[in-house]
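One structure below.
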Amino acid sequence: MTTTFARRTAAFLACATFGFATSAYAQDKTVKIGVLNDMSSLYADIGGPNSVAAVKMAVEDSGLKAKGWTIEVLSGDHQNKPDIGVNIARQWIDNDKVDVISDTPSSGVALAVNNLVKEKNSVLLNSGAATADLTGKACTPNTISYTYDTYMLANGTGKALTKAGGDSWFFLTADYAFGHALERDTSAVVTANGGKVLGGVKHPLNTADFSSFLLQAQSSKAKIIGLANAGGDTTNAIKQAAEFGIVSGGQKLAALLLFINDVHSLGLKTAQGLTFTESFYWDLNDQTREWSKRFQKVSPKGSMPSMTVAGLYAGILHYLKAMDALGGNPHDGAKVVAKMKELPTDDPLFGKGPLRADGRRLIPAYLFEVKKPEESKGPWDYYKLVATIAPEDAAKPLEASDCPLVKK
């Protein structure tokens with residue numbers, strides 16, 4: 001009799017405790033979002049303050065404030081250094097009670113923060129870092145990659161140029177995680193499509209002088225010089241390649257990661273003819289145009305959004321949708337990410353598409369070419385669409401994934 005009473009009492013207390021916990025987080029409608037990126041160096045134009053503006057737009061457009069939620073946005077400059085990025089993220093999580101860390105361009109920083117958010121059971125919503133390892137061998141239940149990765153870039157630009165006759169390659173590669181991953185993934189695509197990699201050279205991040213690297217590329221006689229870098233490194237390499245007469249000499253530059261801000265900086269006269277892959281362009285359709293013009297008004301530099309800025313907006317919008325569906329903030333990163341994967345994604349920039357078990361958002365990719373100056377009809381009219389890449393071709397197949405979350 002006593003035993004039965006004790007069991008009933010324990011069961012009652014367990015239910016009461018669970019009910020109290022559920023009620024407590026249902027009443028907690030506060031969220032803190034940290035935007036962690038490069039605010040002052042070679043990737044600042046791609047994201048930087050523009051990323052913060054996009055996140056604030058997503059907060060407003062989510063409608064959660066009208067439902068009684070309090071949402072705060074913090075920002076930090078990781079200076080493209082993993083140790084600085086992790087220190088900022090740790091302080092945010094431990095002291096400021098930040099719930100989600102977002103953007104994270106620079107794959108080295110993203111991979112380091114990825115480990116931290118798993119340890120702390122927070123959330124990493126990556127839009128800026130390109131390494132496919134975040135949804136591969138380094139994947140965790142706490143991380144989402146929303147916009148693009150090195151697999152998408154390689155299977156877009158690398159495959160297209162190789163099949164079009166660019167069957168010999170030489171790489172100029174940024175010497176850190178992103179560059180290494182991009183060269184690795186593109187090399188695999190080139191060789192799989194009958195091409196050859198003749199060589200490559202690594203350059204320091206944010207270097208000013210590409211002359212020695214470009215001379216090596218030129219002397220290789222490769223048909224394609226693959227630029228496995230981004231931001232200021234890409235634009236500097238393209239400008240200096242023009243000075244060396246590399247393109248006029250018959251070799252073609254492949255900007256394996258190019259953003260609209262880069263094209264704007266280069267100008268159409270220099271950038272014309274470049275082929276590259278992105279998952280977003282402001283002038284794709286009525287919805288992207290409408291949102292992008294809204295964004296331009298709040299952009300600190302009055303610029304159109306990059307692919308990563310657009311992905312950040314869409315990702316934060318979906319994150320807040322998951323919070324709303326949960327009825328409150330559980331302060332449990334894995335639980336929030338699981339809800340994000342459960343809910344269908346649908347936003348004005350990328351449309352509908354699943355979030356896979358590995359944390360990869362499935363969206364189409366597009367092969368673009370930069371217009372000639374005479375083809376442009378006005379400011380920011382820079383791209384012409386060459387081909388559309390289906391979502392299932394833009395992401396590494398799950399059956400080939402080395403993500404430990406994927407059941408084979």
Side-chain angles (χ1 to χ4, degrees), residues 13-37 51-52 54-56 58-76 78 85-104 109-127 134-135 138-146 312-343 345 355 357-359 361 404-405:
L13 289 172
C15 289
T17 302
F18 175 77
F20 176 78
T22 303
S23 173
Y25 93 66
Q27 298 305 314
D28 186 349
K29 294 190 173 182
T30 60
V31 178
K32 287 190 177 183
I33 302 168
V35 183
L36 183 62
N37 64 22
S51 292
V52 179
V55 168
K56 290 180 177 178
V59 171
E60 292 302 319
D61 292 349
S62 73
L64 290 196
K65 287 187 174 181
K67 296 182 179 181
W69 287 74
T70 301
I71 304 172
E72 184 180 347
V73 178
L74 291 74
S75 64
H78 60 43
V86 167
N87 285 338
I88 292 172
R90 190 182 300 277
Q91 179 180 319
W92 277 353
I93 295 169
D94 290 345
N95 300 337
D96 300 317
K97 308 306 176 188
V98 165
D99 299 288
V100 55
I101 294 170
S102 63
D103 204 8
T104 59
V109 174
L111 288 165
V113 173
N114 178 62
N115 292 332
L116 178 69
V117 297
K118 182 184 178 185
E119 173 196 332
K120 300 289 187 179
N121 194 23
S122 185
V123 176
L124 172 59
L125 184 51
N126 169 54
S127 181
L134 285 170
T135 52
C139 79
T140 82
N142 299 75
T143 293
I144 295 290
S145 281
Y146 222 80
L312 186 55
Y313 168 87
I316 290 294
L317 205 60
H318 191 64
Y319 169 81
L320 294 175
K321 181 180 178 181
M323 281 290 192
D324 193 28
L326 287 166
N329 188 349
H331 299 288
D332 181 332
K335 186 169 188 173
V336 176
V337 169
K339 178 59 73 172
M340 291 178 71
K341 292 176 181 177
E342 177 189 319
L343 294 173
T345 63
L355 272 176
D358 60 353
R361 166 82 195 271
L405 302 176

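Throughout, residue positions are numbered sequentially from 1 according to the sequence presented.
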Pairwise distance [atom1]([X]) to [atom2]([Y]) - rounded to 0.5 angstrom:
{"X": "I101", "Y": "N37", "atom1": "CD1", "atom2": "CG", "value": "12.5 Å"}
{"X": "Y319", "Y": "I33", "atom1": "OH", "atom2": "CD1", "value": "6.5 Å"}
{"X": "N126", "Y": "Y146", "atom1": "CG", "atom2": "OH", "value": "12.5 Å"}
{"X": "M323", "Y": "H318", "atom1": "CE", "atom2": "NE2", "value": "12.5 Å"}
{"X": "S122", "Y": "H331", "atom1": "OG", "atom2": "NE2", "value": "10.5 Å"}
{"X": "L116", "Y": "N121", "atom1": "CG", "atom2": "CG", "value": "11.5 Å"}

Verify, without hydrogens or angle tests, whether [X] (side chain) and [Y] (backbone) share a donor-acceptor contact under 3.5 angstrom.
{"X": "S127", "Y": "L312", "value": "yes"}
{"X": "T143", "Y": "T140", "value": "no"}
{"X": "D28", "Y": "T30", "value": "yes"}
{"X": "D99", "Y": "K32", "value": "yes"}
{"X": "N329", "Y": "K29", "value": "no"}

Quick check: closest heavy atoms across [X] and [Y], and the distance to 0.1 Å?
{"X": "L405", "Y": "K341", "result": "CD1-NZ, 4.1 Å"}
{"X": "V336", "Y": "A322", "result": "O-CB, 4.2 Å"}
{"X": "V35", "Y": "W92", "result": "O-CH2, 3.5 Å"}
{"X": "A138", "Y": "L111", "result": "CB-CD2, 3.9 Å"}
{"X": "S62", "Y": "V59", "result": "OG-O, 2.7 Å"}
{"X": "T104", "Y": "A110", "result": "O-CB, 3.7 Å"}

Crowded around K120 NZ? As in, over 12 foreign heavy atoms under 6.0 Å?
-> yes

Step through the shown structure and confirm whether more than 12 heavy atoms of other residues, nucleotides or ligands are within 6.0 Å of NZ on K118.
->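 No, the 6.0 Å shell around NZ holds no more than 12 heavy atoms from other groups.
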
Check against side chain to side chain contact (heavy atoms under 4.5 Å, CB included), V52 and K56 = CA-CA 6 Å; V52 179; K56 290 180 177 178; 3.8 Å; yes

Between N114 and L134, does a side chain to side chain contact (heavy atoms under 4.5 Å, CB included) hold up when you go through it step by step?
-> CA-CA 8 Å; N114 178 62; L134 285 170; 3.7 Å; yes

Step-by-step side chain to side chain contact (heavy atoms under 4.5 Å, CB included) determination, Q91 to D96 = CA-CA 7 Å; Q91 179 180 319; D96 300 317; 4.2 Å; yes

Only one of D358, T135, L124 forms a side chain to side chain contact (heavy atoms under 4.5 Å, CB included) with S145, so which one is it?
->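 Looking at D358, T135, L124, the match for S145 under the side chain to side chain contact (heavy atoms under 4.5 Å, CB included) is T135.
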
Residue pairs passing the side chain to side chain donor-acceptor pair (under 3.5 Å) test with at least one member in residues 65-76, sequence neighbours excluded, are E60-K65, K67-D324

